[in-house]
Amino acid sequence: MPRPIEALIHPDALAHNLAQARARAPDARVWAVVKADAYGHGIERAFAGLRGADGFALLDLAEAERLRALDWRGPILLLEGVFEPRDLELCSRLNLWHAVHCEQQIDWLARHKTHAPHRVFLKMNSGMNRLGFTPAAFRQAWARLNALPQVDEISLMTHFSDADSPTGIAHQVAAFQAATQDLPGERSLSNSAAVLRHMGPGALDNPVSSDWVRAGILCYGSAPDFPAHDAAHWQLQPAMTLRSKIIGLQQLQPGDTVGYGSSFTADAPLRIGVVACGYADGYPRLCPTGTPVLVDGVRCRTVGRVSMDMLTVDLTPVPAAGIGSEVTLWGRGPGGAVLPIDEPAAAAGTIGYELMCALARRVPVVVA
Ligand SMILES: Cc1ncc(COP(=O)(O)O)c(C=O)c1O
């Protein structure tokens, strides 16, 4: 019998979340961002739930090949473009659209032999200072691309650094618009936080429009601006559940401690459950005492340190729990209970993105 831990992927939640992106940006086409193996969900497993997207955006050419192997014939965008000249051959062969963010990528395109001209997304660095041409260099890059027979259509893109916070997007939108206003081509601006906070009904401020939005984390049911807003506020559902079972019980007396480092001391009699889940499964070791979990759908707290294969839970709220009781580390619990991945992530000082991407290989994953 394998350890009782497993992850579930919920295609209905993926489809529901994608529909939320559409509802907020009804005039835009939606890229489902599936980089990092669909944010840890697995491209093949996530595909059924996300196939209603207008296109898929990712980084890795091997992942693009996997999408084509699923018979996806629609648009695929390489968000960072190509990494070396010969990648362009695969772009031609698989009809991949690609970002162009630096002069070298234009040099490589200029030397590329292709019968089918490429669709490119010229990327502006409007303030993130990661990838892209500065506003001052953007028009010249556009003109270079526009002169190439290898290029068919040029779209314009930029990426927001602060769409999830009160700092917002206005400064980047202004920089982008000023440098592009008389350039033709479709625009792609918004990540999840911009879609949720700056588009559609009830946009918080600085509404933005975009021909193509790039919805990543929202598809997977995590709120990009947690804890300002939670997934329920944005009507998002968890696309991944991590669940396990209680495999041991201990009755603590006042003064007893739990786990490595004896970091938790009982101040009263306390019944605890030992759960088959640890940091080697991708559950953060940094989650302190008090991190929420669901036991048989009832909200409980962890106590003591997370170890490699186990963690420990205070069973006070659920006295009937015993060996075999179901423990939800994040996602959907029994009886309709939900524990958003953002809660354990925040307890560990990180974000839902990191937890879903860090699900360990040893955890069996099933499509629910
Ligand atoms: C260029 C680009 N667009 C869109 C996204 C999707 O972002 P999010 O998952 O916050 O929606 C990312 C992710 O980091 C990205 O790098």
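This is a predicted model, so every value here is computed, not measured. Indexing begins at 1, ligand by ligand and atom by atom, following the structure's order.
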For this session: Please state whether W31 comes within less than 4.0 angstrom of ligand 1, counting heavy atoms only.
Result: no
Which pairs would a plain distance check flag for residues 333-341, meaning a side-chain donor or acceptor within less than 3.5 Å of a matching protein atom at least two apart in sequence or in another chain?
none

Exercise. So does R29 pair up with D211, basic N to acidic O under 4.0 Å?
Worked result: no
Exercise. Below 3.5 angstrom, do we get any N/O pair linking G216 and ligand 1?
Worked result: yes
Exercise. With no hydrogens and no angle check, is any side-chain donor or acceptor of R187 less than 3.5 Å from a backbone partner on T180?
Worked result: yes
Exercise. So, are R197 and D162 salt-bridged, with charged N and O less than 4.0 Å apart?
Worked result: no
Exercise. Can R130 be said to touch ligand 1, with heavy atoms closer than 4.0 Å?
Worked result: yes
Exercise. Is the shortest side-chain N to carboxylate O distance from R68 to E63 below 4.0 Å?
Worked result: no
Seminar exercise, completed: Here the atoms of ligand 1 under 4.0 Å from any heavy atom belonging to Y39 are 6 (C), 7 (O), 8 (P), 9 (O), 13 (C)
Exercise. Would a distance-only check, ignoring hydrogens and angles, find a side-chain to backbone donor-acceptor pair under 3.5 Å from T158 to K123?
Worked result: no
For this session: For N191, take its heavy atoms, then give the atoms of ligand 1 lying under 4.0 Å from any of them.
Result: 7 (O), 11 (O)
Exercise. What is the nearest protein non-hydrogen atom to atom 11 (O) of ligand 1, stated with its residue, atom name and distance?
Worked result: S192 OG, 2.5 Å
For this session: Considering only NZ, NE, NH1 and NH2 on the basic side and carboxylate oxygens on the acidic side, decide whether D12 and R332 come within less than 4.0 Å.
Result: yes
For this session: Would you mind checking which non-hydrogen protein atom is closest to atom 14 (O) of ligand 1, with the distance to 0.1 Å?
Result: K35 NZ, 2.9 Å
For this session: Before accepting this row, confirm whether a basic side-chain N of the pair D71/R51 lies closer than 4.0 Å to the acidic partner's carboxylate O.
Result: no
Exercise. Looking only at N/O atoms, are R214 and ligand 1 under 3.5 Å apart anywhere?
Worked result: yes
Exercise. Starting from atom 5 (C) of ligand 1, which protein heavy atom do you reach first, and at what distance in Å?
Worked result: H159 CE1, 3.8 Å
Problem set entry | Min N/O separation I217 to ligand 1 under 3.5 Å | yes
Problem set entry | E80 to ligand 1, any heavy atom closer than 4.0 Å | no
Problem set entry | Under-4.0 Å salt bridge between R243 and E326 | yes
Problem set entry | Which residue and heavy atom of the protein sit nearest atom 10 (O) of ligand 1, plus the separation | Y353 OH, 2.6 Å
Problem set entry | Under-4.0 Å heavy-atom contact with ligand 1, by part of K123 that carries it | side chain
